[in-house]
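Please read all numbers here as calculations on a predicted model, not as lab measurements. Side-chain atoms are counted along with the backbone in the values below, which use heavy atoms only and exclude waters and symmetry mates.
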Amino acid sequence: MKRIVCLISGRGSNLESVLRTAAAERWETEVPARVVAVISNRGDAAGLAHAATHGLPATVVEHQRFASREAFDAGLATAIDAHAPDVVVLAGFMRVLGASFVARYTGRLINIHPSLLPAFPGLATHRQALAAGVRVHGATVHFVSNAVDGGAIIAQAAVGVLPDDTEETLAARVLQREHVLLPRCVRWLCEERIGLVDGGVVVRDVAPGELALLG
Ligand code: GRF
């Protein structure tokens, strides 16, 4: 049984998509894998309610309570390791993690980012996309490395940018695709159909069309 820990900072819709998909696809028997805990760096994260709904333990590790980034990372790692995870998912986790944290979880730590990386790393990605005038935008799931939003890309989902899109309408369409993309990648990682070898993604038994969701 692969043990999954999900990290969130806010709304938690990506967490909910993983939990809903895991239940619908019966991951406990089919993969087998299950989400064992949710950790938030904010006590007021709305997504914590999803953990409660699904009967999962939720821990808050408030970054503000730590004197330094390194101390926060260490506290976070302690909270994560209490659940002995095989896979750690940054499902809308909005803190940059330091090198030793990343090294500790290399190959089992993935993130979802709301752009077609390497375009638009960082924040306000939908605003960046509209300002750049791109016609295609989307989301990326990648292994976490020391480069912020720069780790090896696992899969991407694209949406067209419409002439009258606002940041909100574009974000909403991308988010719908995120909710398909992230659970798939989590499942593949648990099934060892994707992995990280020498800094590159290796893929086994995943159709190319599943790695690139278009339209
Ligand atoms: C998502 O757009 C995700 O890609 C980004 O932060 C947002 C989190 O949304 N990293 P939610 O908390 O999962 O609803």
**Asked** Roughly how far apart are Leu109 CG and Phe143 CZ, rounded to 0.5 Å?
**Response** 9.5 Å
**Item:** Side chains of Val89 and Ile4 in contact at under 4.5 Å (non-hydrogen atoms)
**Value:** yes
**Prompt:** Heavy-atom distance under 4.5 Å between the side chains of Leu97 and Leu90, does that happen here?
**Reply:** yes
**Request:** To the nearest 0.5 Å, tell me how far Glu192 CD sits from Arg204 CZ.
**Result:** 7.0 Å
Just distance, no hydrogens or angles: give the donor-acceptor pairs under 3.5 Å from side chains in residues 174-184, sequence neighbours left out.
from, atom 1, to, atom 2, distance (Å)
Glu178, OE1, Asn14, ND2, 3.0
His179, NE2, Ser13, OG, 2.8

**Request:** Kindly compute the distance separating OG1 (Thr106) from CZ (Arg104), expressed to the nearest 0.5 Å.
**Result:** 11.5 Å
**Request:** Identify, with sequence neighbours excluded, every residue that meets side chain to side chain donor-acceptor pair (under 3.5 Å) alongside His54.
**Result:** Glu16
**Item:** Non-hydrogen side-chain atoms of Ile8 and His50 separated by less than 4.5 Å
**Value:** no
**Request:** Could you tell me whether a side-chain N or O of Arg95 sits under 3.5 Å from a main-chain N or O of His63, the two making a donor and an acceptor?
**Result:** no
**Message:** Could you tell me if the side chain of Val36 sits less than 4.5 Å from the side chain of Arg34, heavy atoms only?
**Reply:** yes
**Request:** To the nearest 0.5 Å, tell me how far Asn41 CG sits from Leu7 CG.
**Result:** 8.0 Å
**Request:** Would you list the pairs meeting ring-ring contact (aromatic ring centres under 6.0 Å, His included) in which at least one residue belongs to residues 103-133, sequence neighbours left out?
**Result:** Phe101-Tyr105, His126-His137
**Asked** Ion pair present between Arg187 and Glu25, side-chain N to carboxylate O less than 4.0 angstrom?
**Response** yes
**Item:** For the student: nearest non-hydrogen atoms of Ala152 and Leu196, plus distance
**Value:** CB-CD1, 3.9 Å
**Complete:** Between Ala58 and Ala51 the two heavy atoms that sit nearest each other are CB-CB, 3.9 Å
**Request:** Could you name each residue pair satisfying side chain to side chain donor-acceptor pair (under 3.5 Å) that touches residues 206-215, not counting sequence neighbours?
**Result:** none
**Message:** Starting from Val144, can I reach Ile112 by hopping between I/L/V/M/F/W/Y residues whose side chains sit under 4.5 Å apart?
**Reply:** no
**Prompt:** Quick one: does Glu62's side chain have a donor or acceptor within less than 3.5 Å of a partner on Ser40's backbone?
**Reply:** no
Please report, to 0.1 Å, the donor-acceptor pairs under 3.5 Å made by any side chain of residues 69-77, with sequence neighbours excluded.
from, atom 1, to, atom 2, distance (Å)
Arg69, NH1, Val96, O, 2.9
Asp73, OD2, Gly98, N, 2.7

**Complete:** Contacts of Arg65 meeting side chain to side chain donor-acceptor pair (under 3.5 Å) (sequence neighbours excluded), chain-then-number -> none
**Complete:** Students should find that the hydrophobic cluster of Leu117, defined by side-chain heavy atoms under 4.5 Å apart, otherwise consists of Ile153
**Prompt:** If Ile, Leu, Val, Met, Phe, Trp and Tyr residues are connected whenever their side-chain heavy atoms lie under 4.5 Å apart, and connections chain through other members, are Ile39 and Val88 in the same group?
**Reply:** yes
**Any donor-acceptor pair under 3.5 Å from Arg173 side chain to Gly160 backbone** = yes
**Asked** What's the spacing between Cys190 SG and Met1 CE if we round to 0.5 Å?
**Response** 10.0 Å
**Request:** Share the residues that join Leu116 in a hydrophobic cluster, the rule being Ile, Leu, Val, Met, Phe, Trp or Tyr side chains under 4.5 Å apart at the heavy-atom level.
**Result:** Val136
**Prompt:** Under a 4.5 Å side-chain heavy-atom rule over Ile, Leu, Val, Met, Phe, Trp and Tyr, are Val206 and Ile110 clustered together?
**Reply:** yes
**Request:** Return the set of residues passing side chain to side chain donor-acceptor pair (under 3.5 Å) with Asp198 (not counting sequence neighbours), or none when no residue passes.
**Result:** none
**Request:** Could you go through the side chain to side chain contact (heavy atoms under 4.5 Å, CB included) check for Val141 and Val186 one step at a time?
**Result:** CA-CA 9 Å; Val141 175; Val186 174; over 6 Å; no
**Prompt:** Are Val134 and Leu130 connected, step by step, through hydrophobic side chains (Ile, Leu, Val, Met, Phe, Trp, Tyr) whose heavy atoms are closer than 4.5 Å?
**Reply:** yes
**Expected output: side-chain Thr53 to main-chain Ala49 donor-acceptor under 3.5 Å** = yes
**Item:** Salt bridge Glu191-Lys2, side-chain N to carboxylate O under 4.0 Å
**Value:** no
**Message:** Side-chain heavy atoms nearer than 4.5 Å, only ILVMFWY residues, links allowed to pass through others: does that put Val102 and Val5 together?
**Reply:** yes
**Partner residues of Thr140 under the side chain to side chain donor-acceptor pair (under 3.5 Å) criterion, sequence neighbours left out** = Gln156
**Message:** Run Val159 and Val161 through side chain to side chain contact (heavy atoms under 4.5 Å, CB included) and show every step you take.
**Reply:** CA-CA 6 Å; Val159 303; Val161 179; 5.7 Å; no
**Asked** Does Phe93 reach the side chain of Asn111, with side-chain heavy atoms less than 4.5 Å apart?
**Response** no
**Item:** Heavy-atom check, side chain of Trp188 versus side chain of Asp205, under 4.5 Å
**Value:** no
**Asked** Where is the tightest heavy-atom contact between Asp149 and Gly122, given as atom of each residue plus distance?
**Response** OD2-N, 2.8 Å
**Request:** For residues Val61 and Thr78, determine if any side-chain heavy atom of one lies less than 4.5 Å from a side-chain heavy atom of the other.
**Result:** no
**Request:** Taking all heavy atoms of Cys6 and all of Leu15, pick out the closest pair and write down the distance.
**Result:** CB-CD1, 3.7 Å
**Fill in**
Taken in chain and number order and not counting sequence neighbours, the residues that satisfy ring pair (Phe, Tyr, Trp, His ring centres under 6.0 Å) with His142 are none
**Fill in**
Closest non-hydrogen contact found for Gly150 with Ser145 is C-OG, 3.7 Å
**Message:** Which residues end up grouped with Leu123 if you chain together Ile, Leu, Val, Met, Phe, Trp and Tyr wherever their side-chain heavy atoms are less than 4.5 Å apart?
**Reply:** Met94
**Asked** Under 3.5 Å, is there a donor-acceptor pair between the side chain of Thr29 and the main chain of Arg26?
**Response** yes
**Message:** Looking at every heavy atom in both Thr125 and Pro114, which two are closest together, and how far apart are they?
**Reply:** OG1-O, 2.8 Å
**Request:** Would you check if Pro85 and Ile80 make a side-chain contact, meaning some heavy-atom pair closer than 4.5 Å?
**Result:** yes
